[in-house]
Structure formats: C-alpha cells, structure tokens
Amino acid sequence: MQTSVNPPRMVCKCLRQGVVGRPVRPQNLQRLQSRSALGARLARRVNVVVAEGFTAPPVSETKKKFLELYPTPVPAIYSGVLQELIVQQHFIRYNKAYHYDPIFAMGVTSAFDQILEDLGDEGQVLFEAYIESLGEDPKQYRSDSKALEEACSGLEGISSLVPSDGESTPVSEIVSKVAAQVKEGNFHYNKFFAIGLFRLLELTGVKEPQALGTLVESMGVKQDAVNRDLKMYKNVLSKLSAGKELMEEIMAREKKKAAERAAEKAAKAEAEAKSETETKAEATTESAEA
C-alpha cells in the first residue's frame with residue numbers, strides 16, 4: 001500500500017488574524033490552534049490507496065484470515081450480517097479507486113458499534129479481527145474516528161461541515177479533499193462513507209431534512225446512492241433489533257419452561273418423599289400392633 005499525503009491548509013489563514021483582518025480574541029486562539037493541529041492530523045489520513053500492480057486476494061482468503069484471528073464461534077444472530085459485511089468491505093478495500101479517509105473510518109466504526117453493542121468488550125475483539133483480516137489497522141480506524149468526533153465538538157450547523165470561502169474547519173477540510181477526489185474521478189463511494197456522513201450530521205446536531213443533501217452535493221456524491229444505503233443500513237439495524245427481541249422472547253420462554261420443569265420435579269420428589277414416610281410409618285404401626 002502506498003500513502004500520499006497532501007499538506008493540509010490552515011484552519012484559517014492566520015491564527016492571530018481573522019478572515020477579514022480582525023484580531024482573534026486570546027480565549028479563542030487556543031481553540032483555533034487545537035483545531036489546526038487536529039485538522040493536520042486528520043488530513044494526513046486521507047489518500048491511502050491501493051498500490052499500482054497490486055493483486056487483490058480472493059474473498060475466501062479474507063474470510064480465512066478472519067476465522068484465524070477470531071476462532072471463537074460468532075453468535076448466530078450476528079453471523080449472517082458479519083459475513084455480508086466482510087464480503088462487501090473486501091471489495092471496497094481492494095478496489096483500485098479505494099481511498100481510506102476519516103469519514104469512511106467513522107462509518108465503519110459506527111456501524112460495528114451499533115451492530116455489536118450487546119457484545120461489550122468481545123465486540124471490540126471481533127472488530128479488530130475484522131479489520132486486520134482486511135490488511136488494515138483497527139487502531140487507526142478507532143483513532144481517526146475519535147479525532148473526527150473531537151473535531152465535530154463545538155461545531156454547529158451545516159455551514160461548519162461544507163467547504164466555503166470563509167473560515168474552514170478540520171471537518172470541512174476533509175470534505176473538501178473528498179470533493180476534489182470526486183471531481184478528479186478518483187473516489188470510490190461506498191455505504192460506510194454514507195454512514196460516516198450521517199454520523200457527522202448527528203455529532204454537529206444538524207437535523208434539517210435538507211442538510212444531508214447539502215453536504216452530499218458539496219462533495220459531488222450522488223444523493224440517491226446515499227439515501228439508498230442509509231435506508232438499507234436502517235433496515236439491517238431494524239432486522240437485527242427484531243432478531244434480538246425474538247431471541248429474548250425465546251430465551252424467556254425457555255427459562256419459564258425450565259422453571260416449570262424444575263418446580264414439577266421438586267413437587268414430584270416431595271410427593272414421593274411424603275409417600276415413603278407414610279409407608280414407613282404404617283409399617284412401624286403394624287409391627288407395634290403385632
């Protein structure tokens with residue numbers, strides 16, 4: 001894999017000078033410096049691409065690696081969804097136009113956190129095996145997702161996400177880079193990227209129905225594809241939730257049946273013990289009379 005790093009633009013043209021020449025207040029200077037450093041860190045994560053001449057491994061090899069890294073049987077309710085995700089991300093990962101970026105990373109981690117939320121720490125172990133089976137670093141995914149969440153902290157409104165001629169933010173810097181890749185025809189859209197976009201809106205508290213369209217349009221990504229993938233993802237979560245509820249109902253019924261069987265067994269044992277005591281008492285009485 002080769003990595004291409006482009007020097008990030010500054011969060012603003014000068015940290016000590018406003019966009020229109022007004023001095024920045026001292027209490028805001030530290031915040032802007034922090035955003036600049038964070039923006040630079042996130043920008044370095046963009047443009048990780050598949051090297052020329054690289055031969056992608058077959059899906060079967062990725063699945064094999066995953067099973068080697070996570071030999072523990074995956075709970076049945078998650079197995080089907082996980083297998084589908086592995087296949088989908090395999091083809092995303094080894095597409096010649098693949099570009100890793102923080103928005104994509106946030107989409108992947110958000111999806112896994114929601115799908116595997118009931119597994120606790122075991123879910124993180126499973127996530128690490130999943131990412132490593134694709135030849136990538138799960139720590140990088142987590143680190144970049146966290147950094148992007150921090151970058152969204154304090155941002156408000158769709159204007160803080162969309163590139164503009166005014167003051168930029170670490171997030172709008174990333175969006176701008178993606179827009180450039182789309183314009184150059186060097187961007188491979190995928191459903192995890194769509195989930196990452198939706199997560200950006202959540203983190204910045206943007207709830208306007210048209211906000212997603214504005215964000216997508218600023219990058220040149222097809223909104224129909226984004227809407228479709230988000231709808232499919234929502235359906236997956238709904239089915240998973242329904243499956244969990246069904247499993248809970250089944251477990252509750254089995255628990256109730258087990259309790260009833262235990263109660264019947266205890267009652268039977270008590271009745272037998274009582275009958276045996278009465279029989280012994282009768283035998284004692286007859287012996288005494290004799």
Side-chain angles (χ1 to χ4, degrees), residues 1-13 19 32 35-50 89 92-93 95-111 140-141 144-145 147-230 233:
M1 177 181 291
Q2 67 181 25
T3 304
S4 173
V5 180
N6 297 324
R9 293 184 300 170
M10 296 297 290
V11 173
C12 54
K13 293 182 179 180
V19 177
L32 290 174
R35 283 188 178 181
S36 178
L38 188 57
R41 175 186 172 190
L42 289 171
R44 287 196 296 270
R45 296 301 193 183
V46 182
N47 293 342
V48 178
V49 302
V50 176
Q89 194 162 346
I92 292 170
R93 166 68 177 82
N95 187 291
K96 290 183 179 180
Y98 171 70
H99 282 72
Y100 170 95
D101 65 77
I103 298 176
F104 166 76
M106 178 180 281
V108 174
T109 56
S110 296
Q140 179 180 340
Y141 272 76
D144 290 346
S145 296
L148 190 52
E149 289 181 4
E150 292 175 354
C152 289
S153 178
L155 299 182
E156 295 181 0
I158 189 65
S159 60
S160 64
L161 303 178
V162 177
S164 67
D165 295 332
E167 180 181 345
S168 62
T169 68
V171 180
S172 65
E173 292 284 345
I174 295 172
V175 172
S176 179
K177 284 181 176 293
V178 172
Q181 291 170 356
V182 173
K183 188 175 182 179
E184 295 167 0
N186 195 26
F187 177 75
H188 180 55
Y189 167 80
N190 59 78
K191 67 172 57 179
F192 293 111
F193 186 80
I195 296 171
L197 291 179
F198 186 74
R199 181 64 177 147
L200 286 180
L201 295 177
E202 285 185 327
L203 290 170
T204 51
V206 179
K207 299 180 180 179
E208 295 81 2
Q210 68 275 16
L212 179 61
T214 302
L215 180 58
V216 170
E217 184 181 356
S218 72
M219 291 182 289
V221 177
K222 294 181 179 179
Q223 186 171 354
D224 288 344
V226 174
N227 290 337
R228 181 195 63 231
D229 288 336
L230 289 177
Y233 176 59

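None of these values were measured; they are calculated from a predicted model.
S168 and E173 get closest at one heavy-atom pair: OG-OE2, 2.9 Å. Minimum interatomic distance between S110 and I195 (heavy atoms only, all atoms of both residues): CB-CG2, 4.3 Å. In terms of heavy atoms, A179 sits closest to S218 at CB-O, 3.6 Å. Scanning both residues, G157 and S160, for their nearest heavy atoms gives O-OG, 2.7 Å. For the residue pair P102 and L148, the shortest heavy atom distance occurs at O-CD2, 3.6 Å. Heavy-atom minimum distance, V178 versus M219: CG1-SD, 3.8 Å.
Put simply, the side chain of V108 reaches to within 4.5 Å of the side chain of Q89, judged on heavy atoms.
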Taking only distance into account, with no hydrogens and no angle test, what donor-acceptor pairs under 3.5 Å do side-chain atoms of residues 197-205 form with protein atoms, sequence neighbours excluded?
{"residue": "R199", "atom": "NH1", "partner": "E202", "partner atom": "OE1", "Å": "3.2"}
{"residue": "T204", "atom": "OG1", "partner": "L200", "partner atom": "O", "Å": "2.8"}
{"residue": "T204", "atom": "OG1", "partner": "L201", "partner atom": "O", "Å": "3.4"}

Show me the side-chain donor-acceptor pairs of residues 206-217 shorter than 3.5 Å, one per line, residues at least two apart or across chains.
{"residue": "T214", "atom": "OG1", "partner": "Q210", "partner atom": "O", "Å": "3.1"}

Next item on the list: Using the side chain to side chain contact (heavy atoms under 4.5 Å, CB included) rule, take D101 and F193 through it: C-alpha gap first, then chi angles, then the decisive distance, then the call.
Entry: CA-CA 9 Å; D101 65 77; F193 186 80; 3.8 Å; yes
Notebook entry, point to check: Given V226 and Y189, is the side chain to side chain contact (heavy atoms under 4.5 Å, CB included) satisfied, shown in steps?
Noted result: CA-CA 9 Å; V226 174; Y189 167 80; 3.7 Å; yes
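Of the listed residues (F187, Y141, F192), just one forms a ring-ring contact (aromatic ring centres under 6.0 Å, His included) with Y100, and that residue is Y141.
Put simply, CG on D229 and NZ on K222 are 12.5 Å apart, with the number rounded to the nearest 0.5 Å. Expressed to the nearest 0.5 Å, how far NZ of K177 lies from OG of S172 amounts to 11.5 Å. In this structure, SG in C152 is found 8.0 Å from CD in E149, a value given to the nearest 0.5 Å.
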